[in-house]
Amino acid sequence: MTRPDIQPKASHFIDGAAIEDTDGTPIVCTYAATGEELARLHAATPAIVDRALAAADRAQAEWAALQPVERGRVLRRAADILRERNHGLSVIETLDTGKPLQETLVADATSGADALEYFGGLAASLGGEHIPLGGDWAYTVREPLGVCTGIGAWNYPMQIACWKAAPALACGNTMVFKPSEATPLSALKLAEILVEAGAPAGVFNVVQGYGEVGAQLIGDDRVAKVSLTGSVPTGRKVYTAAAEGMKHVTMELGGKSPMLVFDDADIDKAVSGAILGNFYSSGQICSNGTRVFVQRKALEPFLDRLRERLSGVVMGDPLDEETNFGPLVNESQMEKVLGFIQAGRDEGARLVAGGARVDRPGYYVEPTVFADVTDDMTIAREEIFGPVLSVLSFDTEEEAIRRANATPYGLAAGVFTNDLARGHRVAAAFRAGTTFINHYNVTPVEMPFGAVKMSGFGRENGKAAIEHYSQVKSVYVGMGDVEAPF
Ligand code: NDP
């Protein structure tokens with residue numbers, strides 16, 4: 001495939017227009033499959049961030065005052081445009097992230113479109129309630145929060161932008177979104193598409209930048225809510241800064257999620273779950289089930305089947321639709337992952353597959369499987385965010401649940417079993433926000449997605465997301481005399 005020119009018109013999108021300011025620190029986009037430079041942008045200077053916030057602030061009242069069905073129509077039109085342009089948008093996402101086109105065609109703009117369609121459909125049904133109080137009565141009104149800041153990670157740039165923008169805009173908020181500096185491109189496309197779909201200028205703005213731009217976007221008094229997708233250390237800083245201004249937050253952070261495979265499970269299904277939960281997007285997924293606990297009797301059959309299935313890996317140019325396994329996003333992420341693999345070897349885990357950088361240009365690391373992993377090993381405790389699967393063994397259900405929950409993280413968890421009661425019992429016992437029975441890492445927009453413990457707070461997707469982008473105002477209505485003590 002010939003590589004298209006993906007240099008955007010300008011670095012930022014503010015108040016309905018592409019805006020450039022070359023005074024900002026350069027941001028260089030490279031193709032993870034080759035290391036070549038593809039585009040060059042600039043981080044926002046404080047004046048640009050201020051302009052974006054002013055635009056979002058000005059646009060908010062007008063956007064909130066629209067009839068909700070009209071807001072919803074804008075979002076649904078944007079969903080249609082995303083789907084019509086899915087191929088081009090997927091190519092941009094592949095070039096920006098290095099993820100195979102085979103994945104981006106079905107998982108990025110399309111899931112963003114699902115979010116716009118879903119929340120567009122909900123917009124007109126968001127009301128309050130009537131509360132009878134004898135003679136007097138009260139009612140509640142669901143109001144937007146105001147200007148929201150969205151800050152994204154680099155693994156699903158378009159999806160993350162849509163998962164935040166769609167519920168925010170449906171509720172009548174406006175947004176300033178900062179993509180990760182590693183993947184700045186697709187959010188700019190979303191901003192253009194929303195305007196094309198009829199969103200008034202200023203409703204959705206994009207500014208590029210590093211952490212300090214994010215910090216300015218959180219600290220500003222005009223901002224009512226901050227929604228971050230990122231790591232736990234960044235989440236801590238962002239949550240703390242937001243607390244200073246008593247702002248609402250959604251924190252979608254990292255994890256070290258468990259996947260339990262009981263010996264009564266369908267082993268092929270469990271292996272598919274482990275592949276989805278460890279090697280899709282080369283392992284760069286927050287909810288990955290990176291600690292795969294396999295019941296002792298099923299251990300060798302599971303490992304044998306997993307080894308066989310790894311022969312199906314097609315590593316290559318991510319733009320080739322046959323490729324099903326791409327590079328990591330950049331060199332520093334690759335080095336980090338290789339460091340964890342070394343720690344696995346040093347601490348005595350048994351390398352079953354992979355374990356090395358691939359001898360080709362770009363930042364490819366082989367799909368790696370360690371067995372005989374114990375709970376105290378670094379690879380069983382820390383989020384790797386790369387294609388490294390750790391297999392641990394267990395004997396009893398009680399033991400598996402206890403060890404699965406023994407982590408500060410709580411994003412996701414999965415169980416494979418053919419025992420119906422056990423599946424639900426284990427799901428109930430997991431201390432995680434998003435759990436799976438006999439599947440893994442499927443995140444349909446209808447289902448709330450989020451975390452407990454250090455992995456975050458708040459929910460994206462589903463009706464639950466509405467609670468995090470709106471607030472309830474109570475109105476008490478006195479119908480009779482007002483009695484007072486004097
Ligand atoms: P980071 O935490 O490094 O960065 C996330 C975003 O926060 C980036 O846009 C980053 O900007 C910005 N940022 C960094 N410092 C600050 C600051 N002080 N104030 C405001 N913003 C700041 O995460 P990565 O981009 O490396 O993404 C990987 C992480 O994201 C993993 O831990 C993964 O688990 C998590 N993640 C969670 C998901 C979820 O839904 N729970 C989904 C996807 C990923 P910059 O990049 O310019 O530094």
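Just follow the structure's listing: the first ligand is 1, and inside any ligand the first atom is 1. We number each residue from 1, following the sequence as shown. All values below come from the heavy atoms of this structure, side chains included, with hydrogens, waters and symmetry mates left out.
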Notebook entry, point to check: Can you check whether I160 has an N/O within less than 3.5 Å of an N/O in ligand 1?
Noted result: no
Next item on the list: Could you tell me whether E252 and K164 have a side-chain N and a carboxylate O separated by less than 4.0 Å?
Entry: no
Checklist line | For atom 11 (O) of ligand 1, closest protein heavy-atom neighbour | finding: K178 NZ, 3.0 Å
Notebook entry, point to check: So which protein heavy atom does atom 28 (C) of ligand 1 come closest to, and at what separation?
Noted result: F385 CE2, 3.6 Å
Note to self: Heavy-atom pairs closer than 4.0 Å: do any link ligand 1 to the side chain of L411, the backbone, both, or neither?
What the structure shows: side chain
Next item on the list: Might you confirm whether atom CD of E37 has over 12 heavy atoms from other residues, nucleotides or ligands at distances under 6.0 Å?
Entry: yes
Note to self: Closer than 4.0 Å to some heavy atom of I151 - which atoms of ligand 1 meet that?
What the structure shows: 6 (C), 7 (O), 9 (O), 12 (C), 20 (C), 21 (N)
Next item on the list: Enumerate the atoms of ligand 1 whose separation from the nearest heavy atom of C286 is less than 4.0 angstrom.
Entry: 33 (C), 34 (O), 36 (N), 37 (C), 38 (C), 39 (C), 40 (O), 41 (N), 42 (C), 43 (C), 44 (C)
Checklist line | Distance-only polar pair, side chains of Y440 and N278, donor-acceptor under 3.5 Å | finding: no
Check: For S455, is the nearest heavy atom under 4.0 Å from an atom of ligand 1?
Finding: no
Check: At what distance is the nearest protein heavy atom to atom 26 (O) of ligand 1, and which residue and atom is it?
Finding: W154 NE1, 3.0 Å
Check: Quick one: does NZ or CZ of K269 land under 6.0 Å from the six-membered ring centre of F416, within 45 degrees of the ring axis?
Finding: no
Check: Do the side chain of T368 and the main chain of E366 share a donor and acceptor less than 3.5 angstrom apart?
Finding: yes
Next item on the list: Decide whether S272 and R309 meet the rule of one side-chain donor and one side-chain acceptor closer than 3.5 Å.
Entry: yes
Check: Among I218, V249, T250, L253, whose side chain to side chain contact (heavy atoms under 4.5 Å, CB included) with L228 holds?
Finding: L253
Notebook entry, point to check: Who's the nearest protein heavy-atom neighbour of atom 9 (O) of ligand 1, and how far?
Noted result: G152 O, 2.8 Å
Next item on the list: Just need the protein heavy atom nearest to atom 3 (O) of ligand 1, so name the residue and atom and give the distance.
Entry: T234 OG1, 3.8 Å
Notebook entry, point to check: Any idea which atoms of ligand 1 are less than 4.0 Å away from a heavy-atom of Y210?
Noted result: 47 (O)
Next item on the list: Tell me, with the steps shown, if R222 and D50 meet salt bridge (Lys or Arg N to Asp or Glu O under 4.0 Å).
Entry: CA-CA 10 Å; R222 287 166 288 193; D50 184 64; 2.6 Å; yes
Item checked: Spacing of Q208 atom CD and T183 atom OG1 [to the nearest 0.5 Å] -> 9.0 Å
Note to self: Please determine whether a side-chain nitrogen of the Lys or Arg among D375 and R403 lies less than 4.0 Å from a carboxylate oxygen of the Asp or Glu.
What the structure shows: yes
Next item on the list: Pull out every atom of ligand 1 sitting under 4.0 Å from any heavy atom of A215, numbered as shown with elements.
Entry: 19 (N), 20 (C)
Check: When the ring centroid of W154 is compared with that of F385, is the distance short of 6.0 Å?
Finding: yes
Checklist line | A153: numbered ligand 1 atoms lying under 4.0 Å from its heavy atoms | finding: 25 (O), 27 (O), 30 (O), 44 (C)
Note to self: Show the atoms of ligand 1 that are less than 4.0 angstrom away from any heavy atom in T229.
What the structure shows: 5 (C), 36 (N), 37 (C), 38 (C), 39 (C), 40 (O), 42 (C), 43 (C), 44 (C)
Margin query: Please determine whether any non-hydrogen atom of I285 lies less than 4.0 Å from an atom of ligand 1.
Written below: no
Check: Nearest to atom 23 (O) of ligand 1, what protein heavy atom do you find, and at what distance?
Finding: S231 N, 3.5 Å
Next item on the list: Determine, for R3 against E36, whether the closest basic-nitrogen to carboxylate-oxygen distance falls under 4.0 angstrom.
Entry: yes
Note to self: Between K247 and D220, does any NZ, NE, NH1 or NH2 come within less than 4.0 Å of an OD or OE carboxylate oxygen?
What the structure shows: no
Margin query: If we only consider heavy atoms of F449, is any one of them less than 4.0 Å away from an atom in ligand 1?
Written below: yes
Note to self: Is there a polar contact between ligand 1 and E181, counting only N or O atoms under 3.5 Å apart?
What the structure shows: yes
Notebook entry, point to check: Tell me, which protein residue and heavy-atom name are nearest atom 18 (N) of ligand 1, and how many Å apart are they?
Noted result: K237 CD, 3.9 Å
Checklist line | Residue and atom name of the nearest protein heavy atom (relative to atom 32 (O) of ligand 1), distance in Å to one decimal | finding: E383 OE1, 2.6 Å
Next item on the list: May I ask you to list the atoms of ligand 1 that are less than 4.0 angstrom from any heavy atom of G254?
Entry: 32 (O), 34 (O)
Check: Can you list the ligand 1 atoms lying under 4.0 Å from a non-hydrogen atom of L253?
Finding: 34 (O), 37 (C), 38 (C), 39 (C), 41 (N)
Next item on the list: Report the part of V213 in contact with ligand 1, treating N, CA, C, O as backbone and CB onward as side chain, heavy atoms under 4.0 Å; options are side chain, backbone, both, neither.
Entry: neither
Next item on the list: Decide yes or no on side-chain contact (heavy atoms from CB on, under 4.5 Å) for F370 and V388, but give the supporting numbers first.
Entry: CA-CA 8 Å; F370 281 108; V388 183; 4.0 Å; yes
